[in-house]
Amino acid sequence: EFNIVVGGHACNLGSDAHNMELSERRAQSVVKYLLSKGVNNAYIGSHNYGESKPAVPNTSESNREKNRRVEWEVSKVRK
């Protein structure tokens, strides 16, 4: 059994509030998909990071595309 946390991210275009909303929608979209496939709701969650954790510098459109992403954090449930 595993815990899954889905993290939503955004690039630096737009306001901080807008990017937080976008990252939340990204993460929630993945959570809904996982739940629709039978992943147990007790073991899945999400976190929205907005533009606060870029994978690469937001210095070009190509880099901004890389920062519009979802990442998974998986950990084993301790018993």
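This structure is a prediction, so every number in the text was calculated from the model and none was measured.
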Inset, instruction - Hey, could you give me the CZ/CD distance between Arg64 and Glu61, rounded to the nearest 0.5 Å? - result: 5.0 Å
Legend entry - Member of Val70, Val5, Val31 meeting the side chain to side chain contact (heavy atoms under 4.5 Å, CB included) criterion with Ser46: Val31
Inset, instruction - Check whether any side-chain heavy atom of Leu35 sits under 4.5 Å from a side-chain heavy atom of Lys32, and report yes or no. - result: no
Legend entry - Closest approach of Tyr49 to Gly7 (non-hydrogen atoms, all atoms of both residues): CE1-CA, 3.8 Å
Legend entry - Shortest non-hydrogen contact between Phe2 and Tyr43, atoms and distance: O-CB, 3.1 Å
Inset, instruction - Check Gly50 against Ser23 and note the closest heavy-atom contact, atom names and distance. - result: N-OG, 3.0 Å
Inset, instruction - First locate atom CD of Gln28, then atom CG of Asn48, and finally report the distance between them rounded to the nearest 0.5 Å. - result: 8.5 Å
Legend entry - Heavy-atom side-chain contact between Leu34 and Trp72 under 4.5 Å: yes
Inset, instruction - Flag the pair Glu51 / Asp16 as yes when at least one side-chain heavy-atom distance between them is below 4.5 Å, and no otherwise. - result: yes
Inset, instruction - Quick one: closest heavy-atom pair of Leu13 and Asn19, and the distance? - result: O-OD1, 2.9 Å
Inset, instruction - Kindly compute the distance separating NZ (Lys53) from NE2 (His9), expressed to the nearest 0.5 Å. - result: 6.5 Å
Legend entry - Point-to-point distance, once rounded to the nearest 0.5 Å, from SG of Cys11 to NZ of Lys66: 13.5 Å
Legend entry - Straight-line distance of Arg68 CZ to Asn63 CG, nearest 0.5 Å: 10.5 Å
